[in-house]
Amino acid sequence: MTIKPIPACVLAVSAAAALAAQPASAPPLFRISTGDFWLNLHHYLYVLGRAESKMADAARRAVSDAPADQAKGLESLTAAERELWREAVQRYAAGPSRQDPVFDRPLIEAGNALARAGDRTSLEGVAVDSTIRATLERVAGIYRQAWWPAHHASNERWRQAIDPLIEEHGAALVGFVTRACGMPWPSDGYPVRVVAFSNWAGAFSTTGPLLVISSYDSGNTGLSALETVVHESMHQWDDPMWALLLEQAKAQRRYISRELTHAMIFFTAGEAVRSRVAGHKPYAVANGIWERGMGRFRPALDAAWLPWLRGEGSRDVALAALVKLVPEAR
């Protein structure tokens, strides 16, 4: 029996067809950025300014190491450079550091603009407050020399540590929270900006979307870091979730607190990770969130929201029961 060779052109067509039939690689669930130079400098000065002003949160775990970290870098500078740097910290202490990056519009806009600036050589053309721009540009070279190499390396280590966890658990966690809330996930992934120091909480998110997380905060490691990223990403649904809760509250003629949405995020993100890893201690439990103001929501979440997270009933029925059971707000 004679076997005729297959023409090369047929093989090429078959190979091309096979490649075309293969599914395209899925987009990342999270787009993690570790090299945002200007955002890192901005938040470093922000927390140092809080410490300079002796704000109450300067002693919190996420920022308490900043002054000591600053002192190490100052040793490598000339007297003139140290003076320029101290002036920058004082300018922040008297201005931006007295604002909140989550709630104060000027700081929110500055954070988004600086995130978009990435690692550009200057802030020319960047829509950021002129005072902030002048301060940052004045000490950019000093920061790049004295602190940025260590800060950037820390950001990269953080990313390398969380990447395997996202690979193992990310799809399941995103599936859990999107199902729970009935909300869509961004088709191109949710952006995560890694900085050495962020704010007193070690991570925050605000409109933009802007999610900022500290690589120096000892609490942002392992599954806790993964839960925090999922938690902060869920804030993208604050407004639509609040609208659903208000609809139920109006139907029941009850007044509810907007803080309920944040309590639901703490609860849901923690349960999402615990559903994947038995024995995981959710952030709210590990950090005493329920023992503080959020605790008033916990019984209702256990009774009405937890069954839905475990697959019982429907989201809207769970929301109705939750609104009925939470303490009424003034």
Side-chain angles (χ1 to χ4, degrees), residues 26-32 100-103 105 108 111-112 115 166 169-193 198-199 201 203-213 225-251 254 256-276 282-284 289 293-294 297-298 300-302 304-326 329:
L29 296 170
F30 300 99
R31 291 184 283 114
I32 300 176
D100 191 303
V102 179
F103 301 111
R105 177 59 55 185
I108 293 171
N112 277 284
I166 292 175
H169 304 294
L173 296 181
V174 169
F176 187 103
V177 299
T178 53
R179 171 199 168 273
C181 298
M183 303 291 176
W185 195 257
S187 59
D188 58 346
Y190 200 85
V192 179
R193 308 282 184 171
S198 58
N199 68 340
F204 69 89
S205 55
T206 188
T207 53
L210 181 65
L211 192 168
V212 179
I213 187 166
L226 185 60
E227 181 186 337
T228 296
V229 169
V230 172
H231 171 122
E232 297 300 341
S233 301
M234 290 178 69
H235 280 293
Q236 65 184 296
W237 303 321
D238 280 348
D239 288 343
M241 184 57 71
W242 177 239
L244 291 172
L245 290 167
L246 274 184
E247 183 180 346
Q248 295 291 345
K250 288 176 182 177
R254 302 197 81 226
I256 58 174
S257 167
R258 175 122 195 187
E259 265 195 306
L260 176 57
T261 60
H262 201 184
M264 291 173 70
I265 289 175
F266 275 117
F267 194 87
T268 305
E271 284 300 316
V273 179
R274 190 155 61 179
S275 73
R276 290 287 297 174
Y283 180 94
I289 300 299
M294 291 284 184
F297 300 117
R298 181 67 187 271
L301 288 165
D302 280 329
W305 191 240
L306 183 58
W308 163 236
L309 297 184
R310 293 178 175 173
E312 301 173 21
S314 70
R315 182 199 65 177
D316 291 346
V317 169
L319 289 176
L322 182 61
V323 168
K324 182 179 180 179
L325 294 174
V326 293

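Since we're looking at a predicted model, the values are computed, not measured.
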The criterion is salt bridge (charged side-chain N to carboxylate O under 4.0 Å, His left out); which residues satisfy it with [X], sequence neighbours excluded?
| X | value |
| --- | --- |
| Arg258 | Asp239 |
| Arg298 | Asp302 |
| Glu259 | Arg296 |

query: If only atom types and distance count, is the side chain of Glu227 paired as donor or acceptor with the main-chain N or O of Val273 below 3.5 Å?
result: no

Can you sort out the partners of [X] under side chain to side chain contact (heavy atoms under 4.5 Å, CB included), two or more places apart, ordered by chain and number?
| X | result |
| --- | --- |
| Asp100 | Val102, Phe103, Asp104 |
| Pro191 | Arg31, Pro209 |
| Ala320 | Gln248, Gln252 |
| Ala203 | Ile213, Thr228, Glu232 |

Could you pull out all residues at least two apart from [X] that satisfy ring-ring contact (aromatic ring centres under 6.0 Å, His included)?
| X | answer |
| --- | --- |
| Tyr190 | none |
| Phe176 | none |
| His169 | none |

message: By the side chain to side chain donor-acceptor pair (under 3.5 Å) test, which pairs, at least two apart or in different chains, include something from residues 264-274?
response: Thr268-Trp305, Glu271-Arg274

Under 3.5 Å, which donor-acceptor pairs do the side chains of residues 312-319 form with other protein atoms, sequence neighbours left out?
residue	atom	partner	partner atom	Å
Ser314	OG	Val317	N	3.3
Arg315	NH1	Cys181	O	2.8

